[in-house]
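Just so you know, residue 1 is the first one in the sequence shown, and it goes up from there.
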Amino acid sequence: MPIFERDIAVDMGTSSTLVFEQGKGVVLREPTVVAVDKFTGKILKVGQDAQKMLGRTPANIVAIHPINAGVISDYEMTAQMLRELISRITSFSFFKPCALVCVPSSITGVEERAVIDAAIEAGARRVYLLETAVATAMGAGVDIAKADGHMVIDIGGGTTEIAIISVGGVVECESIKVAGASFDEAIVKYIRHKHNMLIGLGTAEELKRSIGCVIQRPDVGMEEIKGRSLTNGLPKTVTISANELIEAFVEPMNRILESIHTVLERTPPQLVGDLDSNGIIMSGGGSLIYGIDRLIERSTGIRTMVVDDPISCAAYGAGKMLSHLDDMQDGMMNFYRKRQLKG
C-alpha cells in the first residue's frame, strides 16, 4: 500500500489518546497530557513525557489535559498535541492522511467544529467523525448495519457514555461526567474522612487498579498506602481493604446505574427486546474495575460482558471504518441535532 494511502483513526479520550494507522493497527497510545511553558505558551512535552511532569514541575511549566469530558477544552493545545502525535507516524509522507476521529454521542455542533478544525490544523487532509459508541460496537465485532439493538457502555477517564446502537447509528444515548476520575476522587474523599489522611490522585488510581471493586471479591485484597496526616501534617501509612473501596465507590456507581436505567426507559420497546438476547457491551478503562459488569447485570437483568481489550476497542473499531471512508460524509455531522429532530 503506498504511504499516502495510510489514513488514520484517532480515539481522543480525556485520559489517553490512541492512533490507529491503516494497515498497521494501533501505533500510538499516549496519555492526553501536554506540558506547556506558561510564559511563552510553547509546548515542551506531549503524552507520556508530559504526564511524568504532573505535580512535579517548576512554577513556569504547567501540565494540562486539553480534552475534558471527551470534548476539546483547550483548542490550541489539542491542535498542537495532535500535530505532534500525527507527525510521529507520518513524518515521511508527502500526502496528508485522512483522519477519522471518535467523538461522544452527545457532542454539540460547536464541539464538532472544534474537533474538525483541530485535526485539519494538525495535518489531516479530510476529517470524518464517528461516534465512540459505534466504534466500540464495531471493535467488539458487532454487525452494526443490522436493524438490531445493542447497548454499549463506555466508562472512560472523564465520561461514561451509554448508547443504544441500531442500523449503524445511535438511537438513544446519555453521557455523564462520572467515570474513571470520579472513582479516583471517591477514594481520596473516603480516605480523608475515614482515615484522616490526604493522598494524591495518582495513589488513588493505583489503589483502584490493584484492589478496586464494586462487589465482594473472593480474595479480600489489602494494600498499604502512604499519604499525609491531616492531624499533624506528617507522613502516614494506612492499610486499605478491597471492601472499603466498595463503600467508597457507592456514589459514582449509583449515578452510572441511574443513567443506564434512564437510557433503557427511553429506548423503543422492540430494541429493549433485542438487548435481552444481545446483552450489554462494556468498554473503557473503568470497565476493568472488578465486578462492575456483574453489578450492572444484576441491576438490569441483562447479560453484560466486558470486551477483550476495553481500552483499545474504540480505536480498533474506528480502524475498521477506515476502509469505508468512501461511504462516509466528511466534515460536520451534527449528531446531536439529528437526534433531536428524530425525537
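From Ile64, atom CD1 reaches atom CE of Met81 across 10.0 Å, with rounding to the nearest 0.5 Å. Of the inter-residue distances, the one linking Ile211 atom CD1 with Ile240 atom CD1 reads 7.0 Å to the nearest 0.5 angstrom. Distance check: Ile281 CD1 to Leu275 CG gives 10.0 Å after rounding to the nearest 0.5 Å. The structure places CD1 of Ile246 at 4.5 Å from CG of Asn243, a figure rounded to the nearest 0.5 Å. To the nearest 0.5 Å, the span separating NE2 on His195 from OG1 on Thr237 amounts to 12.5 Å. Taking CZ from Arg228 and CE from Met197, the interatomic distance works out to 11.0 Å, rounded to the nearest 0.5 Å.
Nearest heavy-atom pair, Ala318 versus Cys102, reported as atom, atom and distance to 0.1 Å: CB-SG, 3.7 Å. The minimum heavy-atom distance linking Lys208 with Gly180 is given by the pair NZ-O, 3.2 Å. Nearest heavy-atom pair across Thr132 and Ala314 is CG2-CB, 4.1 Å. Nearest heavy atom pair, residue Met328 against residue Tyr128, reads O-CE2, 3.7 Å. In terms of heavy-atom proximity, Ala118 sits nearest to Thr78 at CB-CG2, 4.4 Å. Contact detail for Ala242 and Arg217: the closest heavy-atom pair is CB-CD, 3.8 Å.
Under a 3.5 Å cut-off, the side chain of Thr304 and the backbone N or O of Ile302 do form a donor-acceptor pair. A donor-acceptor contact shorter than 3.5 Å links the side chain of Lys320 to the backbone of Met138. The backbone N or O of Asp154 sits nowhere less than 3.5 Å from a side-chain atom of Ser283 that would complete a donor-acceptor pair. Proximity of a side-chain donor or acceptor of Asp7 to a complementary backbone N or O of Cys98 within less than 3.5 Å is detected. With hydrogens and angles ignored, the 3.5 Å screen pairs a side-chain donor or acceptor of Arg125 with a backbone N or O of Lys96. The backbone N or O of Glu206 lies less than 3.5 Å from a partner atom in the side chain of Ser210, making a donor-acceptor pair. In this structure, Thr267 contributes its side chain and Val263 its backbone to a donor-acceptor pair below 3.5 Å. Asn232 places a side-chain N or O within 3.5 Å of a backbone atom of Leu234 that can act as its donor or acceptor partner. For the pair Ser259 (side chain) and Arg255 (backbone), a donor-acceptor distance under 3.5 Å is present.
At a threshold of 4.5 Å between non-hydrogen side-chain atoms, the residues Lys24 and Arg6 count as touching. Between Glu185 and Val188 the shortest side-chain heavy-atom distance does not fall below 4.5 Å. The shortest side-chain heavy-atom distance between Gln51 and Val46 does not fall under the 4.5 Å cut-off. With contacts defined as side-chain heavy-atom distances shorter than 4.5 Å, the pair Ile144/Val134 qualifies. The side-chain heavy atoms of Val36 and Lys42, taken from C-beta on, include no pair separated by under 4.5 Å. In this structure the side chain of Tyr290 reaches within 4.5 angstrom of the side chain of Ile215, judged on heavy atoms. Within the 4.5 Å cutoff, side-chain heavy atoms of Val71 are placed close to those of Pro104. Looking at heavy atoms from C-beta onward, Leu130 lies out of side-chain contact with Val101 at the 4.5 angstrom threshold.
Between Ser312 and Arg29, the side chains place a donor N or O and an acceptor N or O closer than 3.5 Å (distance only, hydrogens not considered). No hydrogens or angles considered: nothing links the side chains of His65 and Ser73 as a donor-acceptor pair under 3.5 Å. For Thr108 and Glu111, the side-chain atoms include at least one donor-acceptor pair closer than 3.5 Å.
Residues meeting the salt bridge (Lys or Arg N to Asp or Glu O under 4.0 Å) test with Asp49, sequence neighbours left out: none. Scored by the side chain to side chain donor-acceptor pair (under 3.5 Å) test, Ser241 finds no partners at all (sequence neighbours excluded). Listed by chain and number, the residues in a ring pair (Phe, Tyr, Trp, His ring centres under 6.0 Å) with Phe183 are Phe249 (sequence neighbours excluded).
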Throw together a table of side-chain donor-acceptor distances under 3.5 angstrom for residues 160-169, partners on residues two or more places apart or in other chains.
from	atom 1	to	atom 2	distance (Å)
Thr160	OG1	Val178	O	2.5
Glu161	OE2	Ser105	N	2.5
Glu161	OE2	Ser105	OG	2.7
Ser166	OG	Asp148	N	3.4

Exercise answer: donor-acceptor pairs, residues 9-19 side-chain atoms, under 3.5 Å, sequence neighbours excluded:
from	atom 1	to	atom 2	distance (Å)
Thr14	OG1	Ala69	N	3.4
Thr14	OG1	Gly70	N	3.0
Thr17	OG1	Thr32	OG1	2.8

(Q) Evaluate Ile292 against Met253 for side chain to side chain contact (heavy atoms under 4.5 Å, CB included), listing each step before the verdict. (A) CA-CA 9 Å; Ile292 205 161; Met253 202 55 234; 3.6 Å; yes
> Does the pair Lys226 and Lys236 meet the rule for a side chain to side chain contact (heavy atoms under 4.5 Å, CB included), with working shown?
Replying inline: CA-CA 6 Å; Lys226 294 179 172 67; Lys236 182 178 174 178; over 6 Å; no
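In the hydrophobic clustering of this structure, Leu288 does not group with Leu207; members are Ile, Leu, Val, Met, Phe, Trp, Tyr whose side-chain heavy atoms approach within less than 4.5 Å, directly or through other members. Placement of Ile43 and Leu82 within a single hydrophobic cluster is found when ILVMFWY residues are connected by side-chain heavy-atom separations under 4.5 Å, directly or transitively. Using a 4.5 Å cut-off between side-chain heavy atoms of Ile, Leu, Val, Met, Phe, Trp and Tyr, with links allowed through other members, Ile311 and Leu85 fall into different hydrophobic clusters. Both Ile225 and Leu201 belong to a single network of hydrophobic side chains, linked directly or stepwise wherever heavy atoms of I, L, V, M, F, W or Y lie under 4.5 Å apart. The hydrophobic cluster containing Val115 also contains Met77, counting ILVMFWY residues as joined when their side-chain heavy atoms lie under 4.5 angstrom apart, directly or transitively.
Remark: Asp308 CG is loosely packed, at most 12 non-hydrogen atoms of other residues, nucleotides or ligands lying under 6.0 Å away. Around CD of Glu251, the count of heavy atoms belonging to other residues, nucleotides or ligands within 6.0 Å does not exceed 12.
We find that Glu121 and Arg83 are joined by a salt bridge, their nearest charged nitrogen and carboxylate oxygen being less than 4.0 Å apart. We find that Arg209 and Glu205 are joined by a salt bridge, their nearest charged nitrogen and carboxylate oxygen being less than 4.0 Å apart. Looking at Arg126 and Asp330, a side-chain N of the basic residue comes within less than 4.0 Å of a carboxylate O on the acidic one, giving a salt bridge. Between Arg88 and Glu30, at least one side-chain N (NZ, or NE/NH1/NH2) sits under 4.0 Å from a carboxylate O, which counts as a salt bridge.
Exactly one residue among Leu271, Val272, Asp276 makes a side-chain contact (heavy atoms from CB on, under 4.5 Å) with Asp274. That residue is Leu271.
Note on residues 226-247: no pairs pass ring pair (Phe, Tyr, Trp, His ring centres under 6.0 Å), not counting sequence neighbours.
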